[in-house]
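What you see is a predicted model, and the numbers here were worked out from it, not measured in a lab.
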Amino acid sequence: MVLVIAEHQKGKFKKATFETITYGAKTAELLNTTCTALVLGQAEGIDNLGTYGASKVMQVNSDHLTSFDSQVYAATIANAAKELGAKVVVINHSTTGKSLLGRLAVRLEAGSVSGVNSLPSLDEGFKVNKNVFSGKAVATFEIKSDVKVLSLMGNSIPPEEMGAAVGVEALNVEVPTPKVKVLEVKTVDGIVPLPEAELVVSAGRGMKDPGNWGIIDELAGVLGATTACSRPVADAGWRPHHEHVGQTGVAILPNLYIAAGISGAIQHLAGVNRSKVIVVINKDPEAPFFKAADYGVVGDLFEVVPKLTEAIKAFKAS
Amino acid sequence: MKLLVCVSKTPDTTAKIAFTNGNTEFDSAGVQYIMNPYDEWYALVRALELKEAAGGTVTIINVGTSDNDTVIRKGLAIGADEAVRIDADPKSAYFVAKQIAAYAIDKSFDIVFTGKETIDFNGSEVGSMIAEALDLPFISYATNLEMDGSSAKISRDIEGGTEVAQIDGAFVLSASKGLAEQRIPNMKGIMMAKRKPLNVIPPVDVAEHAVVVNYELPPAKQSVKLIDPDNMTELVRLLHEEAKVI
Ligand SMILES: Cc1cc2nc3c(=O)[nH]c(=O)nc-3n(C[C@H](O)[C@H](O)[C@H](O)COP(=O)(O)OP(=O)(O)OC[C@H]3O[C@@H](n4cnc5c(N)ncnc54)[C@H](O)[C@@H]3O)c2cc1C
């Protein structure tokens, strides 16, 4: 059986979780087995999880699960995996997933691969791919242990409505007492976080001044995109740190990455070169970023970006 | 405070990524190695700051062969008191974490630090594995850590925000940007590092569950399509009709 952990934030499921369920269901098909989704704690829309391919949906409820403690969550998941006889456990490659994956590998004495980006291949053993060297290469891992744990990179496979809604079954497993006391959770509502964003508008030092970001916000606004930036811009405090993308920032793989006034240094490319389509706006035709771009505009961003915003507005209105 | 910082060696960020031996091994020919930036800039420096404020020792630990000694000495030059190298090829995250846990299990460290990930395998697994093996709480992607006696207040990155938590007692943490500011070793530090202890110890046996069997470079990008800066309508058309992303 393939066990998928249906991660939720503040009781809400996000697209990444639906992707993971579809991934789990397709992996189960390959292995000729079934896929069960496991929900820890209370969340809205649990009934819907079956739609993405889980043939069973189970829920563990406990006061110990109301806030996040990786030790408690990992123990609960491992207990459930053992109880249900799971052979493959799949979680989101989110900050939550990342803090659980290693713990699960140790607890279940399982081989683990973090951030897988494709379905397993079963030709010779159990093999999965993941990006390594900050997106500059792909590695194929073979997992040899009986139980396997994987975290799925966001935007790697689209969620598919491949099943039907199923009822929720309660699961009783031991949930230990947390040692981590969560004091505060601050999230910005209404903005898709960078690792999950399908459309990203990014800007760098070519912006000259933090006061010039209005045109970037406007472009992102009409597209419904999330904003990002290069490292020097975050280091200088022009933009918040969580917007910093690249080798030492957030690694992203959106469908569309628009970069304005970013030279395309190797460390910047490392975090964004997995984007499906890259548009580069730069006044220097020799900027290295053009070599990694699908579409390029050689021009002054202060003229090009507002024109692009207008063109998108016109397109959306048509 | 007794602090342990896990440091790893990674190719420099500008290193050419290539593979040998039928695409099964990283080609290290001509590659410069550095200390993994998250380990050096954030984990190690925050540990040193805590020691400077409250006293104690900072030990750095690395799993690797003697080629890694340059990177380890750099950690000592930045300010760590002593170093431990577990003399083995760091085959996988599981292998590395089990080695470090085996070393740390009877030493009562107050905090074990790792970087949030290495820039070569981007696995983000070692910290979480060590925490489980030591049966300790774990906070990933920490951006702030303040101590009040033996009670820690830690902020961590979560999707689209921040979470603040409190832990009383020992824990493991993975360091992200914001936790500290990079320190450049000075001449005195470099000289002192030569005299600080670097203990080499043998590895323990660990089962290997997940191994890399092949590497591949992504296909080369087709050459860029240049669009007239006065014709953004054309760019929008291409993004919609050709690239199908809007
Ligand atoms: C260990 C290490 C890790 C690093 N990690 C990262 C990382 O994670 N992410 C990252 O981004 N960087 C990283 N860097 C830094 C990286 O090397 C570059 O310095 C950085 O990406 C450059 O940022 P930039 O492109 O915004 O600025 P610049 O390189 O200064 O480029 C600005 C660009 O704007 C263009 N421009 C200027 N004015 C205009 C205009 N009016 N219209 C159009 N274009 C204009 C210029 O032609 C230029 O190409 C790292 C460096 C090191 C050493």
Side-chain angles (χ1 to χ4, degrees), chain A residues 9 70-71 74 94-95 98-99 101-103 105-107 110-115 132-134 136-145 179-188 191 193 195 241 247-248 255-256 266-267 276-277 290 292-299 304 307-308 311-312 315, chain B residues 13-14 17 19 37 93-94 97 119-129 131-133 137-141 153 156-167 169 177-178 208-218 221 224-227 229 232-233 235-236 238-240 243 245-246:
Chain A
Q9 212 179 11
S70 64
Q71 207 170 8
S94 58
T95 54
K98 285 176 202 173
S99 53
L101 187 74
R103 298 200 89 115
V106 171
R107 259 194 180 254
S112 59
V113 179
S114 79
V132 289
F133 297 101
S134 307
K136 287 178 236 170
V138 177
T140 304
F141 282 77
E142 182 181 354
I143 310 184
K144 296 172 177 169
S145 50
K179 291 186 207 153
V180 173
K181 193 165 126 199
V182 174
L183 305 173
E184 199 184 351
V185 182
K186 290 176 274 192
T187 49
V188 192
I191 297 175
H241 279 315
Q247 184 146 24
T248 50
N255 292 337
L256 174 62
I266 188 162
Q267 298 93 352
K276 290 197 182 87
V277 174
F290 285 118
D294 299 280
Y295 301 103
V297 185
V298 179
V304 174
K307 278 184 194 155
L308 178 56
I312 290 166
F315 163 75
Chain B
T13 52
T14 55
I17 304 302
F19 303 98
Y94 194 78
I119 60 169
D120 48 8
F121 281 93
N122 314 109
S124 219
E125 290 187 89
V126 172
S128 151
M129 288 175 170
E132 190 61 35
F138 172 60
I139 300 284
S140 63
Y141 285 64
K153 197 170 156 191
R156 70 171 183 115
D157 280 338
I158 56 171
E159 273 69 30
T162 313
E163 184 177 278
V164 187
Q166 181 188 325
I167 301 178
K177 186 172 185 167
E208 212 53 76
H209 294 317
V211 288
V212 177
V213 289
N214 185 58
Y215 290 102
E216 219 173 85
L217 293 171
K221 271 259 177 198
V224 55
K225 210 175 246 186
L226 288 179
I227 319 287
M232 285 302 99
T233 310
L235 177 57
V236 172
L238 288 167
L239 290 176
H240 178 60
V245 287
I246 59 172

| said: Taking every non-hydrogen pair under 4.5 Å, which of A:Asp294, A:Val298, A:Val188 racks up the most with chain B? | reply: A:Asp294
| task | Please look at A:Ile266 and chain B and tell me whether the side chain, the backbone, both or neither of the residue comes under 4.5 angstrom of a heavy atom of that chain. | result | side chain
| Interatomic spacing from OG1 in A:Thr95 to CZ in B:Arg156 - rounded to 0.5 Å | 5.0 Å
| said: Using heavy-atom distances under 4.5 Å, tell me whether B:Pro137 contacts chain A through its side chain, its backbone, both, or neither. | reply: both
| Are B:Lys177 and A:Thr248 close enough that some pair of their side-chain heavy atoms sits under 4.5 Å apart? | no
| task | Locate the shortest heavy-atom distance separating A:Lys136 from B:Thr13; write the atom from each residue and the value. | result | NZ-O, 3.1 Å
| field | Flag side-chain contact, heavy atom, 4.5 Å: A:Val182 against B:Glu163 | value | yes
| said: What part of B:Ile158 gets within 4.5 angstrom of chain A, counting heavy atoms only: side chain, backbone, both, or neither? | reply: both
| B:Phe121, part contacting chain A, at a heavy-atom distance under 4.5 Å | both
| query | Just how far is it from atom CD of A:Gln267 to atom OG1 of B:Thr14, taken to the nearest 0.5 Å? | reply | 6.5 Å
| So how far is it from B:Lys153 NZ to A:Lys181 NZ, rounded to the nearest 0.5 Å? | 10.5 Å
| message | How close do B:Glu159 and A:Gln9 get, counting heavy atoms only, and between which atoms? | response | O-NE2, 3.2 Å
| query | For the residue pair B:Val245 and A:Asn255, what are the closest heavy atoms and their distance? | reply | CG1-O, 3.5 Å
| request: Would you mind telling me which of A:Gly299, A:Ala105, A:Gly115 has the largest number of heavy-atom pairs within less than 4.5 Å of chain B? | output: A:Ala105
| request: For chain B, find which of A:Gly296, A:Ala311, A:Ala293, A:Ala139 contributes the most heavy-atom pairs closer than 4.5 angstrom. | output: A:Gly296
| request: Pick one of side chain, backbone, both or neither for B:Leu226, based on which atoms fall under 4.5 Å of a heavy atom in chain A. | output: both
| Looking at B:Gly160, B:Ala131, B:Gly127, which one has more heavy-atom pairs under 4.5 Å with chain A than the rest? | B:Gly160
| request: Could you tell me which of B:Val213, B:Leu217, B:Ile167 has the largest number of non-hydrogen atom pairs under 4.5 Å with chain A? | output: B:Val213
| note | For B:Gly123 and A:Ser114 the tightest heavy-atom approach is O-OG, 2.8 Å
| Spacing of A:Leu183 atom CG and B:Gln166 atom CD [to the nearest 0.5 Å] | 5.5 Å
| note | Correct closest heavy-atom pair for A:Ser99 and B:Ser128 would be O-OG, 3.3 Å
| Heavy-atom closest pair, residues B:Asn122 and A:Phe133 | OD1-N, 3.4 Å
| said: So, taking the atom named OG1 in B:Thr162 and the one named CD in A:Glu184, what distance separates them when rounded to the nearest 0.5 Å? | reply: 8.5 Å
| query | Do you know which of B:Gly161, B:Ala97, B:Ala210, B:Ala133 has the most heavy-atom pairs with chain A at a distance under 4.5 angstrom? | reply | B:Ala210
| So which part of B:Tyr94 gets closer than 4.5 Å to some heavy atom of chain A, the side chain, the backbone, both or neither? | side chain
| remark: Checked A:Val113, A:Ile312, A:Ile143 vs chain B; the most non-hydrogen pairs under 4.5 Å come from A:Ile143
| task | Would you sort out whether B:Glu216 and A:Thr140 count as a side-chain contact (heavy atoms from CB on, under 4.5 Å), showing the intermediate values? | result | CA-CA 8 Å; B:Glu216 219 173 85; A:Thr140 304; 5.9 Å; no
| query | Between A:Lys179, A:His241, A:Gln247, A:Lys276, which has the largest tally of heavy atom pairs under 4.5 Å with chain B? | reply | A:Gln247
| message | I need the B:Leu239 CG to A:Leu308 CG distance, nearest 0.5 Å. | response | 7.5 Å
| Where does B:Ala93 contact chain A at under 4.5 Å (heavy atoms): side chain, backbone, both or neither? | neither
| task | Identify which part of B:Leu238 has an atom lying under 4.5 Å from any heavy atom of chain A, answering side chain, backbone, both or neither. | result | both
| message | At a 4.5 Å cut-off on heavy atoms, which part of A:Ala292 comes close to chain B: side chain, backbone, both, or neither? | response | backbone
